[in-house]
2 protein chains.
Amino acid sequence: MDIQLKRGLLDVCVLAAIKKEDSYGYKIIKDMSPYIKMSESTLYTILKRLEIAGLLTVRATLHEGRVRKYYHITRAGLGRIQDFKEEWREVMSIYKFVTREDSGK
Amino acid sequence: MDIQLKRGLLDVCVLAAIKKEDSYGYKIIKDMSPYIKMSESTLYTILKRLEIAGLLTVRATLHEGRVRKYYHITRAGLGRIQDFKEEWREVMSIYKFVTREDSGK
DNA sequence: ACACAATACCTCGCAATGTGAGGTATTACA
DNA sequence: TGTAATACCTCACATTGCGAGGTATTGTGT
């Protein structure tokens, strides 16, 4: 899908992916892939960003000899999703503006 | 509204603003302002970009001593709006993913 | 006459961010 | 021995919205 359209969705998608239960990078990409594709470099950049912003916390673990970092959403992260939800009214009004049919033409 | 969310909408909004009838920069901003705010520098950048991409054409006129440039949407521009419309299914599925309630939690 | 808003266009540098290319390391399987 | 899968990461690059700033004309208030 259009890269510009993605920009407003990716952050909040990642948050949504760890909302239900803590998850890790590799799994987040797999879970999101039916809805939205993203490269690994993008995801790890975003995870770092969201951590710095305090929207999630990290906990490193060892799993079958491999490092695995679990991400946990914070209250602020949940707030971010809520904000997104509220902003969606605006988005839909824009969508309607774009797709309206100029009946007279 | 969130600047990242805007990125996917602005181009197509501008096209929608000139779809009904040819319009010019200053008026486009006014027309769109109830739906989405954008600075002049943004708009003129976008108009230039869309012109280069062949999604609209320009016609300079004189109006009460001031230069006024009218923009006209091309077939490709209409196609861009159509593409956006079709991509919206994907966007809505992402929206649902983000806002779903984890019933069991 | 002077100041200021409105109309109408433009350029430039900055900051944010998705991506491909590339890197490191372990486990699983043919 | 080699390749895929798992799992993490860095870096340079291109795109793009925006603020700051610029130019010019017309209209309005003092």
Side-chain angles (χ1 to χ4, degrees), chain A residues 1-15 17-18 22-33 35-53 55-56 58-71 80 84 87 90-91 94, chain B residues 1-15 17-18 22-33 35-53 55-56 58-71 80 84 87 90-91 94:
Chain A
M1 77 179 289
D2 177 55
I3 190 176
Q4 302 307 326
L5 215 39
K6 271 185 173 178
R7 290 178 99 102
L9 303 170
L10 280 179
D11 276 29
V12 94
C13 267
V14 171
L15 289 173
I18 64 168
D22 295 0
S23 187
Y24 54 97
Y26 200 79
K27 183 164 188 292
I28 292 170
I29 287 189
K30 302 270 181 214
D31 288 348
M32 288 182 22
S33 77
Y35 304 98
I36 192 168
K37 310 278 188 194
M38 63 193 308
S39 77
E40 288 190 32
S41 58
T42 302
L43 178 65
Y44 290 111
T45 307
I46 289 175
L47 286 170
K48 197 69 188 169
R49 186 162 69 228
L50 295 178
E51 188 197 346
I52 289 168
L55 304 187
L56 49 76
V58 197
R59 171 173 48 91
T61 64
L62 248 180
H63 185 261
E64 287 171 3
R66 275 189 285 260
V67 176
R68 203 186 255 180
K69 288 173 139 190
Y70 277 91
Y71 294 89
R80 177 73 183 78
F84 174 80
E87 218 165 27
E90 249 179 285
V91 172
I94 292 166
Chain B
M1 77 180 287
D2 177 55
I3 189 177
Q4 303 307 326
L5 215 39
K6 269 186 174 180
R7 291 177 100 101
L9 303 170
L10 281 179
D11 276 31
V12 92
C13 266
V14 171
L15 289 173
I18 63 168
D22 295 359
S23 187
Y24 54 97
Y26 199 80
K27 181 162 190 292
I28 291 170
I29 286 189
K30 302 268 181 217
D31 287 347
M32 289 184 19
S33 77
Y35 305 97
I36 193 168
K37 309 278 188 194
M38 63 193 307
S39 77
E40 288 190 32
S41 58
T42 301
L43 177 64
Y44 290 111
T45 305
I46 289 176
L47 287 170
K48 197 70 189 165
R49 187 161 68 228
L50 295 178
E51 187 197 348
I52 289 169
L55 305 187
L56 49 76
V58 197
R59 170 174 48 90
T61 64
L62 249 180
H63 184 262
E64 286 171 5
R66 275 189 284 261
V67 176
R68 203 186 254 181
K69 289 173 139 190
Y70 277 92
Y71 294 90
R80 176 72 183 79
F84 174 80
E87 219 166 26
E90 250 179 284
V91 172
I94 292 166

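Numbers restart at 1 for each chain; the letters A, B, ... are given by sequence-line order, proteins then strands.
Comparing D:dC18, C:dG18, C:dA8 by their nearest atom to the side chain of B:S39 picks out D:dC18. Comparing C:dT26, C:dA8, D:dC18 against the side chain of B:R66 picks out C:dA8 as the nearest. Side-chain proximity of A:T42 to the nucleotides D:dC18, C:dT19, C:dT7 is greatest for C:dT19. Listed nucleotides: C:dT17, D:dC9, C:dG18. Nearest to the side chain of A:I46: C:dG18. Set against D:dC11, D:dG19, C:dA8, the side chain of B:Y24 has C:dA8 as its closest nucleotide. When each of C:dC10, D:dG17, C:dA16 is scored by its nearest atom to the side-chain atoms of A:R7, the top-ranked nucleotide is C:dA16.
Residue whose closest nucleotide on DNA chain C sits further toward the 5' end, between A:E64 and A:L43: A:L43. For the pair A:K6 and A:G65, both in contact range of DNA chain C, the more 5′-proximal nearest nucleotide belongs to A:K6. When the nearest nucleotides of DNA chain D are assigned to A:V67 and A:S41 by heavy-atom distance, the more 5′-ward of the two goes with A:V67.
Neither OP1 nor OP2 of D:dT6 sits under 4.0 Å from any side-chain N or O of A:K27. Residue B:Q4 has no polar side-chain atom (N or O) positioned under 4.0 Å from OP1 or OP2 of C:dA16. Note on A:R49: a side-chain N or O is less than 4.0 Å away from OP1 or OP2 of C:dT17. The side chain of A:Y44 places no N or O atom within less than 4.0 Å of a non-bridging phosphate oxygen (OP1 or OP2) of D:dT10. Taking only side-chain nitrogens and oxygens, A:T45 never comes nearer than 4.0 Å to OP1 or OP2 of C:dG18.
Between A:Y26 atom OH and C:dT27 atom P there is a gap of 16 Å when expressed in whole angstrom units. As a whole-Å value, the separation of B:D11 CG from D:dT15 P is 13 Å. Rounded to whole angstrom, the span from the CG atom of B:L5 across to the P atom of C:dA16 amounts to 18 Å. Distance A:H63 NE2 to C:dA28 C1': 14 Å, rounded to the nearest Å.
The one candidate from A:R68, A:R59, A:K69 that meets the salt bridge (Lys or Arg N to Asp or Glu O under 4.0 Å) condition with A:D22 is A:R59.
Nucleic acid contact class of A:K30 (heavy atoms, under 4.0 Å, all strands): sugar-phosphate only. Counting non-hydrogen atoms under 4.0 angstrom, A:R68 reaches the backbone sugars and phosphates but no base. Looking at heavy-atom distances under 4.0 Å, B:E40 makes contact with a base.
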